[in-house]
Amino acid sequence: MKEIRLKKGKESSLERFHPWIFSGALESTSPALSEGDIVKVLAHDGKVLGYGDWQIGSIAVRMLAFGECYPDFQHFMNLINDAWMMRKALKLKNHLNDTFRLIHGEGDFLPGLIVDIYGPTAVVQAHSAGMHLRRMDIARALVAVQGLGVENVFYKSETTLPFKANLNPRDGYIIGEYSGSVAIENGLKFNIDWLKGQKTGFFIDQRDNRLRLSNYSSGRTVLNMFCYTGGFSVYALKGGAKEVVSVDSSAKAISLTEENVRLNFDQTIATRHQSVTEDAFKYLETLPQGKFDCIVLDPPAFAKHRDAVPNALRGYQKLNAAAMRKIAPHSFLFTFSCSQAVSKEQFRLAVFSAAASVGRRVRILHQLTQPADHPVNIYHPEGEYLKGLVLYIE
Ligand code: SAH
């Protein structure tokens, strides 16, 4: 069994079940470790702390199991079953909803693995070499879970694995094949492009927040910035919005949004929707004041790393100030950050600075986060990445 030994004192975070070992904590390693090897993790004094996936990078080991128990196939099967038991308890699979996240990496004790369920299809994404190497085992485990109903497994890791590891993942079905591509979320339909879409094809993490928008949309004019597949726009129309405008800089995103509007509504409702292919900042600059009384700002992560945080905070401030300047009185602003490196407090401070610079009366109505199928492992606070505020602006 290949091993790694930690420097003195570096075992304490593992004793508190934090699942990452940074390369700087390593005292020594077995010779000729390959990326994706399972290693036995030893404290400086030789005590066995657990087992994890080895990889070259600042996170050197992602822990799979703590203590003496080796993570065999049954271990992964048990964790996948546990994840399903939890989603079952959350009642996420029902006649109105067949779309949910089954495995949320560290949040389901499976670092480096994401699995999203779209009806009979599971989309598997590996973020570590180890998960890439065991993808067939994971796929077989998913099909074997009683009651989950997975028949096809699509593997989508071309953009999520370190290219230097030479793993050369190919996106495509690894079990079965499915000709359908429509996901159902809260009774609404969305066309999912597994092959080319961002993430696993859809932003499942905004499900609860989209529903909240729907509840507040009746009679409103809604601007959905950074619309991607038009999730918020479809929910706003469903909630009775008078008018919805979707904006995205990508023409492909705009065509996905239009397709999803058509998929859910007849002509009378669909005509309330318009879309614009444009940069969000430019669009807000020329927007007449008071046209919208509900705005959604759900940009891509402005900070992918810690070094980018100061710039990202300036970006959030600028974007929120631009929207606050133009929004009508007595309006809702739904504003989000999905940057893991930006904390809840930092994001709120950026939004506060935006409000202060615009000088309007602003109140926080809701503080939003990711839904329950994106759980945060309490020992891994880094897993909390989505934050949002619903503001009332006068
Ligand atoms: N709100 C979406 C997810 C947003 S993903 C949902 O609920 O599914 C981020 C989107 O922002 C992408 O579609 C990307 O094309 C778009 N985008 C990135 N930079 C942009 C910019 N400067 N202006 C407008 N759209 C942008």
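Indexing begins at 1, ligand by ligand and atom by atom, following the structure's order. Sequential numbering from 1 along the given sequence is applied to the chain's residues.
Taking any N or O of Q206, backbone or side chain, none lies under 3.5 Å from an N or O belonging to ligand 1.
With hydrogens and angles left out, the side-chain atoms of E106 and H18 include no donor and acceptor closer than 3.5 Å. At a cut-off of 3.5 Å, with distance as the only test, no side-chain donor of N209 or R212 sits close to an acceptor on the other residue. Under the 3.5 Å distance criterion, with hydrogens and angles disregarded, a donor-acceptor pair is assigned to the side chains of N186 and Y235. Side-chain contact of N260 with T229: a donor-acceptor pair under 3.5 Å is absent, judged by distance alone. Inspection of the H132 and Y155 side chains reveals an N or O donor paired with an N or O acceptor under 3.5 Å.
Within the listing of ligand 1, atoms 12 (C), 13 (O) sit less than 4.0 angstrom from a heavy atom of Q198. For ligand 1 and A280, the ligand atoms under 4.0 Å from any heavy atom of the residue are 21 (C), 23 (N), 24 (C). Interface atoms of ligand 1 facing D279, defined by a heavy-atom separation under 4.0 Å, are 21 (C), 22 (N), 23 (N). Within ligand 1, counting atoms from 1 as listed, the ones closer than 4.0 Å to a heavy atom of S250 are 15 (O).
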Contacts under 3.5 angstrom, residues 3-15 side chains, donor-acceptor by atom type, not counting sequence neighbours:
| unit_1 | atom_1 | unit_2 | atom_2 | d |
| --- | --- | --- | --- | --- |
| R5 | NH1 | H44 | O | 3.1 |
| K7 | NZ | G24 | O | 2.7 |
| E11 | OE1 | G9 | N | 3.2 |

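For atom 3 (C) of ligand 1, the closest non-hydrogen atom on the protein side is D298 OD2, 3.5 Å. The protein heavy atom nearest to atom 18 (C) of ligand 1 is P300 CG, 3.6 Å. For atom 5 (S) of ligand 1, the closest heavy atom belonging to the protein is F203 CZ, 3.6 Å. Looking at atom 26 (C) of ligand 1, its nearest protein heavy atom turns out to be S249 OG, 3.1 Å. Scanning all protein heavy atoms for the shortest distance to atom 14 (C) of ligand 1 gives D248 OD1, 3.4 Å.
When the shell of 6.0 Å around NZ of K2 is examined, it contains more than 12 heavy atoms from other residues, nucleotides or ligands.
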- request: Go through the steps to decide whether E259 and N191 satisfy the test side-chain hydrogen bond (donor to acceptor under 3.5 Å, both in side chains), and finish with yes or no.
  value: CA-CA 8 Å; E259 195 177 323; N191 223 320; 2.5 Å; yes

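At a 4.0 Å cut-off, at least one heavy atom of R210 sits close enough to ligand 1 to count as contact. Note on ligand 1: E278 sits in its first shell, one or more heavy atoms being nearer than 4.0 Å.
Which of F226, Y235, Y283 comes nearest to atom 11 (O) of ligand 1 through a heavy atom is settled by distance: it is F226.
Residues satisfying the side-chain hydrogen bond (donor to acceptor under 3.5 Å, both in side chains) criterion with R361, sequence neighbours excluded, are E394.
Under 4.0 angstrom from ligand 1, the non-hydrogen atoms of F232 all belong to its side chain.
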